[in-house]
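Each chain gets a letter, A, B and so on, in the order its sequence line appears, and its residues count up from 1. Since the structure is predicted, the reported quantities are computational estimates derived from the model, not experimental observations. For the numbers below, each heavy atom of this structure counts, side chains included, while hydrogens, waters and symmetry mates do not.
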Amino acid sequence: MFYWPAFFDAFPALLPGLMVTIELTVLVMPCALIVALALALARLYAPRPLARIATGWVEFWRATPLLLQLYWLYYVMPSETGILLPGFATVAFGLVCNVSAFLSENFRAGIGSIRVGQRHAGLALGMSETQAFFRVVMPQAWSRVMPETASMWVELFKETSLVSTLAVADLTYQALALRTENYRTLEVLTALALSYLVLAYPQAKFCDWLYRRHRVKE
Amino acid sequence: MFDAFTIVHRNLPLLGQALLVTIELNVASIALALTLGTLMGIGRVYGGRWLDQGIGFVIDVVRSIPILVIMVWVFFGLPLLLGITNFPAFLAGVLALGVHSGAYIAEIVRGGLASVRAGQMHAALALGMSRPQAIGRIVLPQAVIRMMPPLNTRIVRNIKDSVLASTIAVQELFWAANLLEGETAKPFPIYTTLMVFYFVAIVTIARALDRLYVKVAARGAA
């Protein structure tokens, strides 16, 4: 019933899709980190109106389904604004907005958890505000937010599968396409699930290790 | 511009029906996830070393596969494996969401149970309770309150993930929106309405769950 040759043959066919999935993850994550830091700083240190806007922005991306966000960008943005981006760029943009919103919450909490005395000490030593933030506060905050950031990376790696619904030829897309070609549904989809498993499992274990290593001891 | 939204207005009965499916899908899958998660969490903490490692592996496997992939596998693959015909999409959606969220909830339950001091269990056993009684009456009620914040996050996540059931043709809200978009080619009013709806619904639910937690938080203090 389970036709093993079809199962093994599926992997080479999925490879180009895997490349797109990895590309998307590697491209989105650094952009999201930068945007997230900017959002967290805006919410912590910017004047009230700007901080409010940043909060609203983050809340919006956190409180709506990612698939809907991607569809909105993909279908509504071109028809209403005339901006026509390639599919890959559209979903990458959507993923950056979504992931950075979640990351910024984490950054905000991490930066907020470093006692204000640390910043004062930096300033007392003659550092500027920027120096005190990047040399004193941020390095300490980073070790607190790192495990959560690493799990967000794994989360993003899995979430990229949603782009398959918008004709971006990622791992999931290739599998669904192959399924309609050879009708070996069970074998192809099992190969798909196994591909994600083999790639994400070690990453998830690495995250667990980071959590143990960087546990905050009060 | 507002004329565009008459499409939504005219199709309210369809959307209402779809909303009902979304609610049913979420209630059923969250109930399944809580059941599975509680059983697996208890199994990990009290089931001995082998059960702990076995369940731990299953949880890690489920958590490593995207929910979309689990969903299409359950809907298209599982019936072939079991030789079932006419597998209902709704059931597949409930199973996929329930198992996926259940794996995350199991870890929350495990953390919650582990956070209750061992003395509580000892005291219950010393009073003559059986282990199941001690878990059910003494340890779990204390753990539940501490589990609430991450559980609430997970419930909200389940609601957001439930739109993925549209990909296996469960006739929920997002499926209905895609249907309307296909018929009218007017994405703006349809997807914008849905976006606003989800935003309001999810923020409301998240706030309500938070408030519930604040109300009972003091009882779970360590």
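For chain B, the nearby part of Arg62(A) is the backbone; its heavy atoms alone come within less than 4.5 Å. For Gln203(A), no part lies near chain B; criterion is any non-hydrogen pair under 4.5 Å. For Phe157(A), no part lies under 4.5 angstrom from a heavy atom of chain B. With a threshold of 4.5 angstrom between heavy atoms, Thr190(A) approaches chain B through its backbone and through its side chain.
A cation-pi arrangement is absent between Arg157(B) and Tyr104(B), since the terminal nitrogen or guanidinium carbon is not both under 6.0 Å from the aromatic centre and inside a 45° cone about the axis.
Between atom CG of residue Leu173(B) and atom CG of residue Leu20(B) there is a gap of 10.0 Å, rounded to the nearest 0.5 Å. Taken to the nearest 0.5 Å, the OG1 atom of Thr149(A) stands 5.5 Å off from the CG atom of Leu103(A).
Among residues 74-92 of chain A, the residues having any heavy atom closer than 4.5 Å to a heavy atom of chain B are, in sequence order, Tyr75(A), Val76(A), Ser79(A), Glu80(A).
Of the residues considered (Thr185(A), Thr165(A), Asp208(A), Leu194(A)), Thr185(A) shows the highest number of contacts with chain B, using heavy-atom pairs under 4.5 Å. Top candidate by heavy-atom pairs under 4.5 Å with chain A, chosen from Ile205(B), Thr192(B), Val203(B), is Thr192(B). Highest contact tally toward chain B, considering only Ala204(A), Ala193(A), Ser164(A), is held by Ala193(A) [criterion: heavy-atom pairs under 4.5 Å]. Among Leu194(B), Leu78(B), Val62(B), Ile67(B), the residue with the largest count of heavy-atom pairs under 4.5 Å with chain A is Leu194(B). Contact count versus chain A (heavy atoms, under 4.5 Å) is highest, among Phe197(B), Tyr198(B), Phe174(B), for Phe174(B).
Ring pair Phe199(B)/Phe60(A) is tilted by interplanar angle, where 30° to 60° counts as tilted.
Salt bridge annotation for Glu155(A)-Arg63(B): absent, with no cationic side-chain nitrogen under 4.0 angstrom from a carboxylate oxygen.
When the shell of 6.0 Å around OH of Tyr173(A) is examined, it contains 12 or fewer heavy atoms from other residues, nucleotides or ligands. In this structure, Gln53(B) places its CD atom where more than 12 heavy-atom neighbours from other residues, nucleotides or ligands lie under 6.0 Å away. Surrounding OH of Tyr3(A) are at most 12 heavy atoms belonging to other residues, nucleotides or ligands under 6.0 Å away. Lys186(B) NZ: 12 or fewer foreign heavy atoms inside a 6.0 Å radius.
Ring centroids of Trp4(A) and Phe2(A) are separated by less than 6.0 Å, placing the two rings close together.
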